[in-house]
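Okay, so here's the structure we're looking at.
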Amino acid sequence: MRKELDKVYDPKQVEDRTYQFWLDGDYFHAEVDPKKEPYTIVIPPPNITGQLHMGHALDETLQDILIRWRRMQGRAALWLPGTDHASIATEAKIVEAMRAEGLTKEGIGREKFLERAWEWKRQYGGRIVSQLKKLGSSCDWERERFTMDEGCNRAVKEVFVNLYEKGLIYRGERSINWCPHCKTSISEAEVNYDEKDGFFWHINYPIVGEEGRMLEIATTRPETMLGDTAVAVHPDDERYKDLVGKKVLLPLVNKEIPIIADSYVEMDFGTGVVKITPAHDPNDFEVGLRHDLPVINIMNEDATINENGGKYAGMTREECRKAVVADLEAGGYLKKVEPYKHNVGGCYRCGTIIEPRVSKQWFVKMEPLAKPANEAVRAGKTKFVPERFDKIYFNWMENVKDWCISRQLWWGHRIPAWYCEDCGKITVSKQEVTECAHCHSTHVHQDPDTLDTWFSSALWPFSTLGWPDQTEELKYFYPTNTLVTGYDIIFFWVARMIFSGVEHMGEVPFDTVLIHGLVRDAQGRKMSKSLGNGIDPLEIIDHYGADALRFTLATGNSPGNDMRFSDEKVNASRNFANKIWNASRFILMNLSDEVTCAQLPEELALEDKWVVSKYNTLVRDVTENLEKFELGMAVQKLYDFIWDILCDWYIELCKSRFQAGGESSLNAQKVLAYVMHHPLRLLHPFMPFITEEIWQALPHEGESIMVSQWPVYDAALDFAAEEAQFEKIMAAIRAVRNRRAEMNVPPSKKAKLYIVTQEPAVFTLGEPFFKRLAFASEVIVAEDLQLEGAVQVITDAARILIPMDELVDKQKELERLSKESSVRER
RNA sequence: GGGAGUAUAGCUCAGCUGGUUAGAGUGCCUGCAUCACACGCAGGAAGUCGCGGGUUCGAGUCCCUCUAUUCCCACCA
């Protein structure tokens, strides 16, 4: 079927229709097929609360390029899609929505809350998925998963019980990071530290029994003194040695607390004396454990001061600080205040300053899990691209602390642990527990907490393939091949998937982690909601088309590096799409009916061999680049071939042959169809929509470019000698054009050319090329010739003479014309 | 404090294991309505490859020092 193509490519006419065509053809679906080699990518599941942003667009584009390429190579290519329940983010959304109705979580209760959450998921959870489709993502939608679906829930329980039984999950009272806004614990990885301007308050604590003698402590958080249970000095500090064992009177609280010695204290920092607040500082908590100090929690869940704060109860942390400082000053305890910059931890979700909090939480013991994972990575079973990111991985995994996995949230996988009200022991089970495993009491209740979202994400590469069942899919597609993600997510997700895979599957979850950078705005700033500088990929798709967006994101992007996104770049990409479109139009307009498929003719002219040989090299290069994950280089080469080789040279050369007609024209048509048809396949992973649309219009066999074969390098098409010969002619043509431009001769003013050459290719084949591309009215080729008064252009292959009189006349005429027009302008 | 990245044309970036005269896009300048495309064509100007050393027949590329800049980790209250 041959279509009339519009002059300008309009993605809107093509994209949705084409995507539907693919869906209808079931091309994205991958089956277990022992005859094929599998290639698997699991998608980094976007949050159900999310909207497609540029980071997603980049991530999905890279994955789609890889999966489409492998599919065309004949692999059983599975791109497994899905979404993440995003516990904190989703719960926050529901709570917010309820607040508008005057409702609270506690008010409606757990069950009703979860009903609402699932309803919300049903309504909005699909939004991000439909946005992925707009990009052209060729995911196997039949296998779409959700981190909280039944299968994932089974996997989570299996893992939890398994690790608990191995002693790798435990419950303990620890100082954890608490977000007073989200009202839940968060893990170490979920705290972002930012340098903030603050103060260093020096406070005098009077020493008991030594009238007038003070111990000067320095702190950045004076309000926490309400929970002080000791002050500490270094055991070797001569200044304070005599005081260890004595007591100080805690100002404002008027309570005696001991002076202890602990090597945690740095003698050279501050005054060398530290107030110890086990409840509100993780280091102090450790000191407290060593010295058996009481823990006095002075704050509520929302970080307001509780009854332990005495008269300060009810104040916020900030109000309390002001009040405490004022009271210290009034009491004469405040020695001095100095400005101080220090790092303050904030919640990665909401940015609220976290509060250390001592509470009972569930933890994953990391060391025994990290070790075999690290060995596997060190052995090269999983490779990072670019390599340097393994350093980041190792740095984290080798220093990793136990992972706090319990969250005081309702939306998520509930912890499969039950407490006995009679014997107080814990029963952990995959099934609903109705009686205590230890004393058989039926007075049991389940832990109200849920698991960190990342606990279920960590299992994604195998939970999505059916684990814990040993499904055919799991056997065939696991381990997966490539994981594509940003460097910002290595700790949260990549590391945890690796140790989970090694632990539960006995094999790393993927062989390659392709790391990309951040997409920044045109000024190089991070795109953020607060700056309002985010660029909406859907708007870009709407204006320029998905192919232009994908091309932009794939170009000029080397692995691991950040990139800037600008309208200029998308514009250039859109222009490229249009260029391809018009080249196809030209070809379709000139293809006679007898050219039915893209096959080379028997006889190849010099320029045919040149372009075919160039194409052949392109196949090899693009494939090699893809194998090495150099997607940006691959797409650049395609661009160069299509625009420069194909459009600017080969199509131009064909024009004269088409006019001449006959055998030469027919052969040119065949070659042209060939060098358009095949590179389209190479380009398809990058620009799927336009390539499919043109491919459909070209005379071909097969129903979709998606299932056409990825081209392979063919040694028989390597015409290196002819390439070199033809390039000599090209150089000569360029030289003539160059000289004409210098002399301001417009293309419409044609001149006679005398070409003097010993070069056989130029001698026998050059004439039509010069006529068309060097704007010659007539071409005379000679082995030797002298011409008086001619402009001479000398190149490697030929000496070209342009009769002076013709050009001089033209030049004069031009000068006259330009004078006239400048007069007219005035 | 520890680690990593980046520095190449006005701007945004390529440049893989060292090898012709350092490339592209965009912007700029000149010319062009030539029958695929002005979202175009032809031509042009534009670079001390951050600085200084070193290795080499040969360095944008490898090594060292320094400078600027970005990021990650840790954290001393």
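Every chain is numbered from 1, with letters handed out A, B, ... down the list of sequences.
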Interatomic distance at [atom1], [N] relative to [M], whole Å:
{"N": "B:C11", "M": "B:U56", "atom1": "C1'", "value": "36 Å"}
{"N": "B:G31", "M": "B:U17", "atom1": "C1'", "value": "44 Å"}
{"N": "B:U26", "M": "B:A42", "atom1": "P", "value": "12 Å"}
{"N": "B:G43", "M": "B:G52", "atom1": "C1'", "value": "40 Å"}
{"N": "B:C62", "M": "B:A4", "atom1": "P", "value": "15 Å"}
{"N": "B:G47", "M": "B:G10", "atom1": "P", "value": "7 Å"}
{"N": "B:G2", "M": "B:A45", "atom1": "C1'", "value": "48 Å"}

When you measure from the side-chain N and O atoms of [X] to the phosphate of [N], is any distance below 4.0 Å, counting only OP1 and OP2?
{"X": "A:Lys569", "N": "B:C13", "value": "no"}
{"X": "A:Thr220", "N": "B:A77", "value": "no"}
{"X": "A:Asn399", "N": "B:C73", "value": "no"}
{"X": "A:Arg564", "N": "B:U12", "value": "yes"}
{"X": "A:Tyr487", "N": "B:G5", "value": "no"}
{"X": "A:Trp649", "N": "B:C41", "value": "no"}
{"X": "A:Arg388", "N": "B:A4", "value": "no"}

Can you identify which nucleotide, out of [options], has its nearest atom closest to the [X] side chain?
{"X": "A:Asn575", "options": "B:G40, B:A36, B:A77", "answer": "B:G40"}
{"X": "A:Lys628", "options": "B:A14, B:C16, B:A77", "answer": "B:C16"}
{"X": "A:Asn561", "options": "B:G40, B:A77, B:G5", "answer": "B:G5"}
{"X": "A:Asn738", "options": "B:G43, B:A36, B:C39", "answer": "B:G43"}
{"X": "A:Lys655", "options": "B:G43, B:A36, B:G40", "answer": "B:A36"}
{"X": "A:Arg737", "options": "B:U26, B:A74, B:A42", "answer": "B:A42"}
{"X": "A:Asp648", "options": "B:C41, B:A77, B:U26", "answer": "B:C41"}
{"X": "A:Lys401", "options": "B:C75, B:U12, B:G44", "answer": "B:C75"}
{"X": "A:Gln659", "options": "B:A36, B:A14, B:C35", "answer": "B:C35"}
{"X": "A:Val274", "options": "B:A77, B:A36, B:C41", "answer": "B:A77"}

Looking only at N and O atoms, is any donor in the side chain of A:Glu652 or the base of B:A36 less than 3.5 Å from an acceptor on the other one?
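A donor-acceptor contact between them is present.
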Record whether the side chain of A:Lys7 comes under 3.5 Å of the base of B:C37 through a donor-acceptor pair of N or O atoms.
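Result: no qualifying N/O pair found.
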Apply salt bridge (Lys or Arg N to Asp or Glu O under 4.0 Å) to residues A:Arg221 and A:Glu355 and explain how you reach the verdict.
CA-CA 11 Å; A:Arg221 300 197 58 199; A:Glu355 187 62 46; 2.9 Å; yes
Checking base pairs now: Watson-Crick or wobble, both atom distances under 3.5 Å. What partners [N]?
{"N": "B:G18", "answer": "none"}
{"N": "B:G47", "answer": "none"}
{"N": "B:C41", "answer": "B:G31"}
{"N": "B:U55", "answer": "none"}
{"N": "B:A74", "answer": "none"}
{"N": "B:U26", "answer": "B:G10"}
{"N": "B:U69", "answer": "B:G5"}

Between atom CZ in A:Phe641 and atom P in B:G25, what is the gap in whole Å?
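Computing the A:Phe641:CZ to B:G25:P distance gives 17 Å.
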Distance check needed: B:U12 C1' versus A:Gln636 CD, whole Å only.
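For the pair A:Gln636 CD and B:U12 C1', the rounded distance is 13 Å.
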Cation-pi check for A:Phe394 against A:Arg378: NZ or CZ below 6.0 Å from the six-membered ring centre and within 45 degrees of the axis, yes or no?
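Here A:Arg378 passes the 6.0 Å and 45° test against A:Phe394.
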Within the side chain of A:Lys275, is there an N or O that forms a donor-acceptor pair under 3.5 Å with the backbone of A:Thr229?
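Side chain of A:Lys275 to backbone of A:Thr229: no pair is present.
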Side-chain contact, heavy-atom cut-off 4.5 Å: [X] with [Y]?
{"X": "A:Met54", "Y": "A:Ile540", "result": "yes"}
{"X": "A:Tyr713", "Y": "A:Glu624", "result": "no"}
{"X": "A:Phe492", "Y": "A:Thr485", "result": "no"}

Test log, rule salt bridge (Lys or Arg N to Asp or Glu O under 4.0 Å), inputs A:Arg317 and A:Glu223:
CA-CA 7 Å; A:Arg317 287 179 288 186; A:Glu223 71 280 11; over 6 Å; no
How are the rings of A:Tyr487 and A:Phe389 set relative to one another: parallel (under 30°), tilted (30 to 60°) or perpendicular (over 60°)?
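Ring orientation of A:Tyr487 relative to A:Phe389: parallel.
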